[in-house]
Asker: 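Got a structure for you, written out below as structure tokens; questions coming shortly.
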Amino acid sequence: MNSKRNQFIQQTARTALITSVALALLLPGGLAAADSSYTSVRVPLSTAAAGQAANSAAPDPAKAKITQEQAIAKLRELFPVLKEATVSNVRLGTDSYPPSGNQMVWNVQWQYQLGSSGYGFSSLVDAMTGDLVNTYISYPMLRENAFYPPEFSREEALAKARSFIAAAAPSLAAKDLVLDDNDQTYMGRDALFGMFEYRFPFRILRNGLPSAADMLNISVDGNGNIVQFSKPATDGVYPSAKPAVSPESASKQFAGNFKVGLYYIPIYKDGAAVRWILGWRPESESLSLVDAQTGKSIDNEGEAITAAVTYEAVPERKNTFQPASAAGLTAAAAAKLVQQVAAIPAERKLSGQNSGVNSQNDKQKLWRLSWEASRTAANMAMPERTYAEVDSSTGEIIQFQLEQYGGQELKEQPAPAGGTKLTQAQAKERAIELINRLYPKASGSLKLAEHGGKWSILEDGKGYRYQFLRYYQGIPVSDSNIVMTMDVYGRLQSYMNTGNTGYEALKDKPVPAVSGAEALQSYLGRYDLKLQYSSIGGYNIDNKYVEPVVKLVYAPTPADSQDTYKVLDAQTKEWVTTYESPLQSRSGAEAVDLKGHAAEQALTELLNYGVLSVDADKKVNPDQEITAGDWFTLIARSSTPYYAGYSNGSEPKAVAGVSPDSPYYEAVSYAAEREWISRGAALQPESKLSREQLAVLLASFLKYDKLSAFLGNDSVITGFSDNAAIQDKGAVALAVKLGLLQGENGKFNPQQIVTKAQAANVIMKLVELQGRTDQVIGQ
């Protein structure tokens, strides 16, 4: 994915490197609460999972209470369609990496043949309880199409889901399942095109309280088939639900510790930072969990917070970053720059060198480099590999990982010749030296985040880590920081430079119209403390798997769920949504200019799915004429709300004559990737779209453009009095025959410009046409 359009979705290399504390600072203000439950404390597992920790020996089938034959029989009973599938393999244990805490799970591999195509997938059944843990039924197996409109209503699908859960996971009581109802479950699916699904997420109550990490997800298609099911494989050890600290005491502490900060904050739309504001947002530690037994706020690693994070100026050192003098680095030159600051094991040789662009700035060209030792049978799937990204113009290192795959523990490397282990003070000085060498003008644009305590010391004392926050005009930049780790000898082990560009456009330092005291009072009234269980661990941190533990906590939660992504604009005094996904922009009920319009129903449906949106005046402007680029945008959004994030990570280049700078580029590129148009076409996306042009695009979209060539003399065309004005008669005939377009008063009006309302009607007709054509529509 091209994360110019989605900064949250990173490459595996990036994801493995970000520590939980860094992640909290990357998120928009309101999101930190959701992630503050992730910490690094070790934990006991439930009785069923005891002795089956991530790195334990293979599970013993003799200890299973449910046989593999019973597991298979249960799956066939739950999913009748599996009677036509064959079991290709069964074993005890999961495929997750690192392995989950409970390996007493039957892993059943299915094979399904449909014509010349084969489909494989797996199902998991708990070998101790018999509960279904996870499965996803491939759509080709469901024979009957489940398109729009659905045969089952949402209420009927929910009833089917509840009945299925009772049979699939009898260890869960119905009273302990609470539907997490929201817009997305109501709509049932993300996009207009494709199979219709209702998705029902249930929170699992433990001792009567919600658990942040315990969710059961089930999906029901439009025909009432269960197509997906997942629940936690392992039950943690849940402490008593009775807190030692009263809600009043916890709230008092929360309010006393709550702080807001002034930041340059990116505003995201469809995953891209489209503009910046000066705004107040909670400091990350202010949204930390409160331990319900100790009354202390705990940080992202489970430690009690004793002091707020402070930020120190980065002093300039003798050796500072010097951009490469050559006009464009070779891969070998980029690799040499990495090897000058990082100790890559001698047995690992440069094995990969690919060019691309930065996932957060597609104007920055990169070398993606990897070093790998000779593969063995033991490391074929997850080889020991070092990874780096280097700006191919300047030589700046954007990221480095000694171990690319975060699940692998870092092996202690031999001490360097004459090297001595660093004290914490010496390690801090080494970090300052490194950041001066690695980051341009580090002393003027970065500050060192001091978390206090032992935050900077890696587990088991095997190294150190440091975090630097980016500043601009003396104000911190939200979502923008650098985290580095090094071993006890000061050798770089990981380096992550994360952040967007664009804040530089705020050249004149904005003056806040809202004081810090006013912002603080505004924020405090927007949060509640909710008593719940929180899972700590269950992920990798600094290349070490942390087993989960469950704690009883008070969690800061926005009183209104709609406020989760909102911050206070320091200049306009307005609450601004920082991250708007396509699925959050559903606004059918808000439109003020649709009532009574001939296309009201179609337009409302497009609004509800985020294909269209209302303007500042809550208007859709249904009779507004559209351009060809508008059409591609509408049809792409109907296919997936995330179309703007699709690319192979390579440097963007013109597609169908449309440059990467065009606002229509992503939609056109998406259309070309799906062969709705030819990459070699010469589009003019800014030009108004005529009815005949729409017919041509529809024939191509449906992949019937060759078939349409046979319809040039069809009676549908000859029946129009203005057929002489139609150039592509076959495409028009096809569109009319399929009911997508129609004439008026005996004319087709090929040069008439298409409006939003007309486009909406066509899209909904395409949606209803799904499953009735030989070609798959829009997927």
Side-chain angles (χ1 to χ4, degrees), residues 145-158 161 179-201 219-223 268-271 560-562 564-565 577 579-624 626 630-645 667 670 740 754-771 777-779:
N145 295 319
F147 296 109
Y148 180 97
E151 289 188 14
F152 272 55
S153 68
R154 180 179 181 277
E155 291 71 23
E156 292 171 327
L158 179 56
L179 182 63
D180 190 15
D181 213 351
N182 56 49
D183 235 11
Q184 294 187 33
T185 58
Y186 175 75
M187 295 310 304
R189 57 181 180 159
D190 295 345
L192 278 166
F193 292 128
M195 298 291 182
F196 193 99
E197 271 186 24
Y198 294 106
R199 297 172 187 158
F200 301 112
S219 297
V220 185
D221 73 14
N223 290 333
Y268 299 98
K269 185 173 178 60
D270 293 345
D560 184 342
S561 62
Q562 299 298 317
T564 301
Y565 299 91
T577 298
Y579 178 72
E580 183 179 291
S581 74
L583 299 184
Q584 291 169 319
S585 60
R586 294 164 171 166
S587 51
E590 300 178 1
V592 298
D593 58 346
L594 293 188
K595 191 67 175 176
H597 194 283
E600 178 182 357
Q601 184 175 351
L603 288 161
T604 300
E605 201 72 344
L606 265 61
L607 283 166
N608 286 335
Y609 278 92
V611 178
L612 287 173
S613 58
V614 295
D615 62 17
D617 297 322
K618 304 294 186 183
K619 292 183 177 181
V620 179
N621 301 306
D623 299 318
Q624 182 181 69
I626 69 169
D630 293 333
W631 168 257
F632 284 114
T633 301
L634 294 174
I635 208 72
R637 283 180 178 162
S638 297
S639 175
T640 171
Y642 309 107
Y643 76 92
Y670 185 83
L740 302 175
V754 178
T755 66
K756 275 186 185 179
Q758 292 164 347
N761 278 328
V762 170
I763 289 174
M764 289 311 301
K765 288 174 181 176
L766 282 168
V767 171
E768 294 174 4
L769 193 61
Q770 292 182 106
I777 296 178
Q779 297 175 55

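Counting from 1, the numbers follow the sequence of the chain as shown.
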Asker: For Val762 and Gln758: C-alpha separation, side-chain torsions, deciding distance, then whether side chain to side chain contact (heavy atoms under 4.5 Å, CB included) applies.
Answerer: CA-CA 6 Å; Val762 170; Gln758 292 164 347; 5.7 Å; no
Asker: Measure up the Tyr565 and Tyr579 rings against each other and bin them: parallel (under 30°), tilted (30 to 60°), perpendicular (over 60°).
Answerer: tilted
Asker: Answer yes or no: is there a donor N or O on one side and an acceptor on the other, between the side chain of Asp617 and the main chain of Lys619, under 3.5 Å?
Answerer: no
Asker: Under a 3.5 Å distance rule, please check whether Glu605 uses its side chain to pair with a backbone N or O of Gln601 as donor and acceptor.
Answerer: no
Asker: Please round to the nearest 0.5 Å and tell me the distance separating atom OH of Tyr198 and atom OG of Ser153.
Answerer: 6.0 Å
Asker: Which atom pair, heavy atoms only, marks the closest approach of Phe147 to Gly771?
Answerer: CE1-CA, 3.3 Å
Asker: What heavy-atom pair brings Asp623 and Thr755 nearest, and what distance separates the two atoms?
Answerer: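 Answer, listing the atom of Asp623 first, then Thr755: O-CG2, 3.6 Å.
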Asker: Compare every heavy atom of Leu179 with every heavy atom of Arg154, then report the nearest pair and how far apart it is.
Answerer: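 For Arg154 and Leu179, the tightest heavy-atom pair comes out as NH2-CD2, 3.9 Å.
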Asker: With sequence neighbours left out, write down each residue that passes salt bridge (Lys or Arg N to Asp or Glu O under 4.0 Å) with Lys618, or none if nothing qualifies.
Answerer: Glu590
Asker: Between Gly222 and Ala146, which heavy-atom pair has the shortest distance, and what is it?
Answerer: N-CB, 3.8 Å
Asker: Not counting sequence neighbours, which residues clear side chain to side chain contact (heavy atoms under 4.5 Å, CB included) with Ala161? List them please.
Answerer: Phe200, Ile218, Val220
Asker: Mind listing the closest non-hydrogen atom pair of Leu603 and His597 along with its distance?
Answerer: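 Of all heavy-atom pairs spanning Leu603 and His597, the closest is CD1-ND1, 4.3 Å.
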Asker: Checking the side chain of Gln770 only, and the main-chain atoms of Gly194 only, is there a donor and an acceptor separated by less than 3.5 Å?
Answerer: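 Looks like yes, one N/O pair under 3.5 Å.
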Asker: In Å and rounded to the nearest 0.5 Å, what is the CG to CG distance from Leu634 to Leu612?
Answerer: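 Between Leu634 CG and Leu612 CG, I get 5.5 Å after rounding to 0.5 Å.
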Asker: Measuring from atom CD of Glu600 to atom CG of Leu594, what distance do you get when rounded to the nearest 0.5 angstrom?
Answerer: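 So the CD of Glu600 and the CG of Leu594 are separated by 6.0 Å.
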Asker: Determine yes or no for a side-chain-to-main-chain donor-acceptor pair under 3.5 angstrom, with Ser638 supplying the side chain and Phe193 the backbone.
Answerer: no
Asker: Step by step, work out the side chain to side chain contact (heavy atoms under 4.5 Å, CB included) result for Asn223 and Phe152.
Answerer: CA-CA 6 Å; Asn223 290 333; Phe152 272 55; 5.5 Å; no
Asker: For Asp630, what residues pass the side chain to side chain donor-acceptor pair (under 3.5 Å) criterion, not counting sequence neighbours?
Answerer: Thr627, Tyr664
Asker: Taking all heavy atoms of Ser219 and all of Arg199, pick out the closest pair and write down the distance.
Answerer: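 The answer is OG-CG, 3.6 Å.
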Asker: Does a side chain donor of either Tyr670 or Thr640 reach within less than 3.5 Å of an acceptor in the other side chain?
Answerer: no
Asker: Out of the candidates Leu740, Asn761, Leu192, only one should pair with Leu766 under the side chain to side chain contact (heavy atoms under 4.5 Å, CB included) rule; please name it.
Answerer: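 Among Leu740, Asn761, Leu192, the one meeting side chain to side chain contact (heavy atoms under 4.5 Å, CB included) with Leu766 is Leu740.
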